[in-house]
Amino acid sequence: MMVTIMDIDSVMNIITQGTLEVVTPEELQDKLEKDQKTAYIGYEPSGKVHLGHAITVKKMIDLQKAGFKVKILLADLHAYLNGKGSLEEIKKISEYNMECFRALGLSEDTEFILGSNFQTDEDYTMKVYELAISTTLTRARRSMAQITRDAEDHQVAEVIYPLMQVVDMLFLEVDLAVGGMEQRKIHMLARDNLPKLGFSSPVCIHTPLLHGTDGSDKMSSSKENFIAIDDQPKVIIEKIKKSYCPAGETEGNPILEIAHHFIFNERETLLIQRPEKFGGNLELTQEELIKMYADGDLHPLDLKNGVADCLVDVLKPVRDYLKV
RNA sequence: CCCGCCUUAGCUCAAUUUGGCAGAGCAUCGGACUGUAGAUCCGAGGGUUGCUGGUUCAAGUCCGGCAGGCGGGACCA
């Protein structure tokens, strides 16, 4: 008995770690007791899979460790509705995306599902219509505020999108939905409405958004402010060197965020090679690094050099897997 | 379906009145300055003027057609 409780605690810890919120922890705990439990995330196929995506993929890996079956929706129809191109083009890059996600370390039994394979079924469509009746326009639009590509010339597609995402959860029979914080409003819509369709609400887990290398709020494939998981070493170094990185500033600093999410999650320390005249090499824990940087004792360029070298190393398995 | 207005650089818009070499700001790229980036200066690149036909020596500008957007009207057994 004691052992079981301990286990649940450590599993809860793995799942919760690095997230901004779990809605709700109590429900998650209940889910953990199920034998078969499914976690899901959907991605619009994208020309480049970047570090922002990787944060959520790593959370899916955590969930696999915690005993969840993971389903990844390659949301080609959603991308289509969001004006990302022709369905053919989108399907093509979804193949590449699948390889990228695998390269990040998801286990073999990860299930990849192409949205268009089931999202035009009659049953599915009827559920979308049903949901359309009980959802107000303003709420549907509001849920898309951080997802839609262009704020002007709104298409009807924009409000179909969140309805479909809700029905996806029903059809994929998910216990848990994962997404970046921008997905929050759609997830809340799902939690409110799925019971009306006779399905229980999924637990929702939201991860932080990674700042763009330009310092803007969100790393995004449509802006040139991302580092792709399969970027060449010299590209990674170049992009980090060009990144926004104010001295002494630890909030919203993309370089420190990258270190946090992709270096200190799997290593105790970061080696910073520094010319003798600036004080020589350092090997720092995250805590030491942040204190030193905040105090102005670590120059941004040294930070960048250290993080760039290490990130190149961290992403090597991804490049090897993808043979790039 | 009808009427009106709009469409110019990646973005926001000038230039239309009176036809005469298509411009600015922002963004991008490069240089300077900082032991990073940013900020700030300096410089550069960037265009099928929605598409198409016509008038003219000459069309972003005038006329016709088409497409897209916005607003209104009409229809509503």
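We use all heavy atoms of the structure for the numbers below, so side chains are in, but hydrogens, waters and symmetry mates are not. From a predicted model like this one, the values you see are computed outputs, not experimental measurements. In what follows, chains carry the letters A, B, and so on, assigned in the order in which the sequence lines appear, proteins first and then strands, with residues in each chain numbered from 1.
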Quiz item: With a 3.5 Å cut-off and just heavy-atom distances, do the side chain of A:Asp214 and the base of B:G38 make a donor-acceptor pair?
Solution: no
Quiz prompt | Base paired to B:C70 (Watson-Crick or G-U; both N/O distances under 3.5 angstrom) | solution = B:G4
Quiz item: Nearest to the side chain of A:Phe278 - B:C29, B:G35, B:U36?
Solution: B:G35
Practice problem: Rounded to whole angstrom, note down the C1' distance from B:G19 over to B:U55. | Solution: 12 Å
Quiz item: Between B:A24 and B:U49, how far is it from one C1' atom to the other, in whole Å?
Solution: 16 Å
Practice problem: Choose from B:A37, B:C29, B:G35 the nucleotide whose nearest atom is closest to any side-chain atom of A:Pro246. | Solution: B:A37
Quiz item: For residues A:Gln17 and A:Asp62, is any side-chain donor paired with an opposing acceptor at under 3.5 Å?
Solution: no
Quiz prompt | Listed nucleotide nearest any side-chain atom of A:Tyr244, set B:G35, B:U36, B:G38 | solution = B:G38
Practice problem: May I ask which nucleotide in the shown strands pairs with B:G43, Watson-Crick or G-U wobble, both distances under 3.5 Å? | Solution: B:C29
Exercise. Please state the C1' separation for the pair B:A39 and B:A32 - nearest whole angstrom.
Key: 14 Å
Quiz item: Expressed as a whole number of Å, how far does the C1' atom of B:G25 sit from that of B:G65?
Solution: 36 Å
Quiz item: So which nucleotide does B:U34 pair with, by the Watson-Crick or G-U wobble rule with both distances under 3.5 Å?
Solution: none
Quiz prompt | Between B:G23 and B:A15 - C1' atom distance, rounded Å | solution = 7 Å
Practice problem: For B:G35, take OP1 and OP2 only and decide whether either is under 4.0 Å from a side-chain N or O of A:Lys304. | Solution: no
Quiz item: Checking side chain to side chain contact (heavy atoms under 4.5 Å, CB included) against A:Tyr43, which of A:Asn97, A:Val57, A:Asp76 comes through?
Solution: A:Val57
Exercise. Determine whether the side chains of A:Asn305 and A:Gln273 contain a donor N or O and an acceptor N or O closer than 3.5 Å.
Key: no
Practice problem: Both distances under 3.5 Å, Watson-Crick or G-U wobble: report the partner of B:U18, or none. | Solution: none
Quiz item: Any idea which of B:G35, B:U36, B:C29 is nearest the A:Pro300 side chain?
Solution: B:U36
Quiz item: Between B:C1 and B:A14, how far is it from one C1' atom to the other, in whole Å?
Solution: 37 Å
Self-check item: Base-pairing mate for B:G23 - Watson-Crick or G-U, with both contacts under 3.5 Å
Solution: B:C13
Practice problem: Between B:U52 and B:C57, how far apart are the P atoms? Round to whole Å, please. | Solution: 23 Å
Quiz item: Are side-chain N/O atoms of A:Glu88 and A:Tyr80 paired as donor and acceptor at under 3.5 Å?
Solution: no
Quiz item: Given that both distances must come in under 3.5 Å, which nucleotide forms a Watson-Crick or G-U wobble pair with B:A77?
Solution: none
Quiz item: Does any donor atom in the side chain of A:Ser243 or A:Asp214 lie under 3.5 Å from an acceptor atom in the other side chain?
Solution: no
